[in-house]
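Below: the structure, in structure tokens.
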Amino acid sequence: MAETSQKALQQQILIDDSNIPDWLLTEILQRLPVKHIFKFKCVSKRWFILISDPFFARLYSTRINTSLSTSQPWNLLFRYLYEVRIVPSSMIDTRIALKQSQDFSSPGFSLNFLPYSKHDCPIKILASSNGLLLCCETFYWQKNYYICNPLIQQWIALPKPPKAIKSVAVGFICKDGHYEVIRFPTANYGPSNTLRLETFSSETGKWHCSIVNCPVLDYYIKTDSPVVHYNGSLHWLEFRHSKIITYDPHNGTNTGLHQMNLPDDKQSEHLSLLGVSRGRFRYFEVTDTCFGPRDLRVWVLSDYDAQRWCLEYRIKFSGSWIDEVNEFIPKDNFYIFPLALHPHEFDIVYLGYGGCLVSYNLGTRKLDVVHRNFYSHQLLAFVFSPWPTTIPQPFW
């Protein structure tokens, strides 16, 4: 009898919040992890109304942005795998590289909710923007695109592009409740300086095709370096001429693609990528020499308009690895390649080294293994928005 009464009392405590004023309940809820908040919408009609109110979202975002001890949750995502056949079945849908945040804990963070045809060929992550991911079923001949918020498992499918293209450079921008997907061929082998650019806008629900100028003849986009959205423009690394191709979709007076210069003293042609750390645009490379020690270099773009780069770090690997590294990484696998920049810390970069994903502190020269049996050269630094971005329901 006493046990029955205790259970009834516990249920009453959990359900009856009538004595808690709205302001206090709001203060309690906005201190919870955002992943749990969306689940708590189902607790009661009152909780649903409070959490759905735009005022609650503004409060939550303000608290995150003004907190000196809290940075926006983020993680490194595996974008796709080259050779799925060599990957253990347990890793087929592995997406998380760093087990560092409860917002990314399994099974709360997954792409299993997206439709795709072949389970042994995981869906590809192409780009991210404002807490949303742009995904596709295939790497080549892309036609089925999805935009999703993996935190709240909301997704939509885009209409198929008007033309089939074997390989495309893709960009994704989400801002003020609207989103755009931009794509164009990754390479141009002809003498023409124009190309076909396709843009999908959520405002129109359609793909728009245009012929635009390209400043680099016979260009080739480096697709293993994720596209970077910075200063209102999309940025892709160009391989043949060592340039950055940029595109501003909202520049109505100067349409077309443009180019930016990379650092004059850069050396790597293959092992390089672009990224943003704490709002600063950076270029990260490992010298791809076949003989002798390799260098790790990081530049920051100090003046965007003048395209002025400043070298932040130059580290020779032969003099920086500590002996402890050799305890868990074979000496004969001394192959190093850059993978990502830490979005919140200037000093931390991520590398592939000896079959492992490692983090490297440029200041302390400390190296840590964060993921063993590393099969992918494709990573994306994915940062949640302070409040989950909802995707407008399609009208097409």
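Given the structure is predicted, the values throughout are model-derived calculations rather than measurements.
Within 6.0 Å of the CZ atom in F395, the count of heavy atoms belonging to other residues, nucleotides or ligands exceeds 12. Within a 6.0 Å radius of OH in Y313, other residues, nucleotides and ligands contribute more than 12 heavy atoms. Summarising the local packing, CZ of R278 is surrounded by 12 or fewer heavy atoms from other residues, nucleotides or ligands at distances under 6.0 Å.
Here the CG-OG1 distance, from N144 to T138, works out to 7.5 Å after rounding to the nearest 0.5 Å. Taking CH2 of W207 as the start and NZ of K163 as the end, the distance is 14.0 Å to the nearest 0.5 Å. Note: K243 NZ to L257 CG = 15.0 Å, rounded to the nearest 0.5 Å. In this structure, the separation between CG on N149 and OG on S128 is 11.5 Å, given to the nearest 0.5 Å. Here the straight-line distance linking atom CG of L301 with atom CH2 of W299 works out to 13.0 Å at 0.5 Å rounding. Note that the CD1 atom of I182 and the OG atom of S201 stand 9.0 Å from one another [nearest 0.5 Å].
Of the possible donor and acceptor atoms, none in the side chain of N188 sits under 3.5 Å from a partner among the backbone N and O of Y219. R183 places no side-chain N or O within donor-acceptor distance of the main-chain N or O of V170, the cut-off being under 3.5 Å. Distance alone, capped at 3.5 Å, is enough to place a donor-acceptor pair between the S277 side chain and the H342 backbone. T389 places a side-chain N or O within donor-acceptor distance of the main-chain N or O of N130, the cut-off being under 3.5 Å. Side chain of Q154 to backbone of I391: a donor-acceptor contact under 3.5 angstrom is found. Side-chain N or O atoms of H235 include one that pairs as donor or acceptor with a backbone N or O of V228 at under 3.5 Å. For the pair N231 (side chain) and S233 (backbone), a donor-acceptor distance under 3.5 Å is absent. Within the 3.5 Å criterion, the main-chain N or O of T194 finds a donor-acceptor partner in the side chain of S192. Judged by distance alone, the side chain of T287 and the main-chain N or O of D295 form a donor-acceptor pair under 3.5 Å. Remark: the backbone N or O of R79 is not paired with any side-chain donor or acceptor of Q378 at under 3.5 angstrom.
There is no side-chain donor-acceptor pair under 3.5 Å between W309 and D265. The closest side-chain donor-acceptor pair between D218 and H241 falls under 3.5 angstrom.
Using a 4.0 Å cut-off between a side-chain N of Lys or Arg and a carboxylate O of Asp or Glu, R240 and E238 do not qualify as a salt bridge.
Using cut-offs of 30° and 60° on the angle between ring planes, the pair W155 and Y146 is perpendicular. Relative ring orientation between F239 and H270 is described as tilted, the plane-to-plane angle lying within the 30° to 60° band. The aromatic rings of F40 and W47 stand perpendicular to each other, their planes meeting at an angle above 60°, with 30° marking the opposite boundary. Ring geometry for Y304 versus Y230: interplanar angle of 30 to 60°, hence tilted.
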